[in-house]
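Since the structure comes first, as structure tokens, the remarks are kept for the end.
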Amino acid sequence: TAQYYDLIYSWKDYPKEASILREIIELEKRSEGSRLLDVACGTGLHMQYLGESFEVEGLDLDEELLELARQRLPKGTFHHGDMIDFDLGVRFDAVVCLFSSIGYVKTKEKLQQAIACMAKHLVPGGVLLVEQRRVHRLVPGEFGGVQFERIALESSLFYVVSGLIGIVWPLGQFGSI
């Protein structure tokens with residue numbers, strides 16, 4: 001199935017999405033660096049475009065998808081691991097988990113573990129973006145060990161966690177909330 005991944009998702013506008021992500025990250029991050037980790041990176045298409053502005057690394061559970069990503073970006077750094085418990089021993093200025101990949105965790109407990117695991121890979125002032133297309137209810141407070149202060153509910157969301165400040169951005173509405 002990995003060989004068909006890019007064909008199945010050929011309708012996605014990766015350059016435009018990467019541009020939007022760059023804007024959000026630059027607006028929200030408070031760190032000085034430019035290191036970015038793409039969790040559940042798939043075949044590396046977002047990384048291809050994000051690499052124009054960031055030093056990118058990718059992580060995925062599927063070794064076949066990682067092999068395709070390595071072919072696409074031979075100079076890239078890729079890690080095999082599970083989003084709920086990976087430990088790379090390094091921190092990033094931005095961590096992204098896109099295209100509803102967070103949904104693969106399946107339970108609230110694993111969702112909390114994944115968010116906490118990604119957050120622990122941030123430098124102080126770094127930004128965590130998790131895109132989830134279907135969210136029914138999320139209230140301000142602590143989730144996965146991360147404090148959310150501002151939240152906007154829509155059918156399609158970006159969660160942005162910057163240090164201890166959490167923001168949820170509705171897709172397609174990337175202005176101030």
Side-chain angles (χ1 to χ4, degrees), residues 14 17-42 44 46-47 49-51 53-61 77-79 81-135 137-154 156-177:
Y14 287 93
E17 290 178 10
S19 176
I20 292 168
L21 290 168
R22 271 192 297 274
E23 288 177 30
I24 294 170
I25 292 167
E26 292 304 321
L27 179 68
E28 293 297 326
K29 83 177 178 76
R30 303 296 178 255
S31 60
E32 295 296 320
S34 62
R35 297 191 68 208
L36 181 142
L37 175 65
D38 185 356
V39 174
C41 66
H46 280 112
M47 291 176 61
Y49 298 102
L50 290 168
S53 303
F54 302 99
E55 302 165 40
V56 295
E57 296 186 27
L59 175 119
D60 206 286
L61 186 58
T77 301
F78 297 93
H79 310 274
D82 192 322
M83 71 176 75
I84 66 168
D85 62 5
F86 68 96
D87 184 1
L88 303 181
V90 294
R91 292 181 177 217
F92 299 85
D93 300 281
V95 176
V96 300
C97 182
L98 305 171
F99 200 36
S100 295
S101 297
I102 194 71
Y104 289 108
V105 299
K106 303 209 190 266
T107 68
K108 182 179 178 182
E109 178 182 271
K110 287 184 178 180
L111 175 62
Q112 291 172 328
Q113 289 175 314
I115 297 291
C117 187
M118 288 183 253
K120 84 173 186 177
H121 282 82
L122 289 172
V123 298
V127 178
L128 169 61
L129 288 87
V130 179
E131 178 188 12
Q132 175 60 33
R133 301 218 177 248
R134 291 177 166 244
V135 173
R137 187 167 37 139
L138 186 62
V139 295
E142 188 172 307
F143 185 81
V146 178
Q147 184 68 33
F148 287 89
E149 292 181 358
R150 293 186 292 162
I151 293 184
L153 295 177
E154 294 286 335
S156 204
L157 303 174
F158 264 109
Y159 306 107
V160 181
V161 180
S162 177
L164 295 178
I165 301 171
I167 306 164
V168 181
W169 294 81
L171 282 178
Q173 300 176 16
F174 294 100
S176 296
I177 295 177

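Predicted, not measured: the structure shown is a model, and the values here were computed from it.
In this structure, CG on L59 lies 12.0 Å from OG1 on T77, to the nearest 0.5 angstrom. Put simply, NE2 on H46 and SG on C97 are 11.0 Å apart, with the number rounded to the nearest 0.5 Å. Distance check: L50 CG to C41 SG gives 11.5 Å after rounding to the nearest 0.5 Å. Interatomic distance, CZ of F86 versus CG of L61, reported as 12.0 Å (0.5 Å rounding). In this structure, L36 CG and K29 NZ are separated by 10.0 Å, a value rounded to the nearest 0.5 Å. Taking CD1 from I84 and CD from Q113, the interatomic distance works out to 5.0 Å, rounded to the nearest 0.5 Å.
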Distance-only donor-acceptor hits, side chain of residues 115-130, under 3.5 Å, sequence neighbours excluded:
| residue | atom | partner | partner atom | Å |
| --- | --- | --- | --- | --- |
| H121 | ND1 | C117 | O | 2.8 |
| H121 | NE2 | L88 | N | 3.1 |

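Here the closest heavy-atom approach between residue S53 and residue R22 is recorded as OG-CD, 2.6 Å. Nearest heavy-atom pair, K110 versus T107, reported as atom, atom and distance to 0.1 Å: N-OG1, 3.1 Å.
Side-chain atoms of D93 come within 3.5 Å of backbone N or O of G33 as a donor-acceptor pair.
Taking the side chain as every heavy atom from C-beta outward, F78 and M47 approach each other to under 4.5 Å.
Pairs engaging residues 20-39 under the ring pair (Phe, Tyr, Trp, His ring centres under 6.0 Å) rule: none recorded [sequence neighbours left out].
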- Task: Please assess Y49 against L21 for the test side chain to side chain contact (heavy atoms under 4.5 Å, CB included), listing each intermediate value before the final yes or no.
- Result: CA-CA 10 Å; Y49 298 102; L21 290 168; over 6 Å; no

- Query: Between V105 and M83, is a side chain to side chain contact (heavy atoms under 4.5 Å, CB included) present by the stated rule, with each step listed?
  - Reply: CA-CA 8 Å; V105 299; M83 71 176 75; 3.7 Å; yes

- Task: Walk me through it: do L37 and R91 pass the test side chain to side chain contact (heavy atoms under 4.5 Å, CB included)?
- Result: CA-CA 9 Å; L37 175 65; R91 292 181 177 217; over 6 Å; no

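Other residues, nucleotides and ligands contribute more than 12 heavy atoms inside 6.0 Å of the CD atom of E26.
Under the side chain to side chain donor-acceptor pair (under 3.5 Å) criterion, S34 pairs with E55, sequence neighbours left out.
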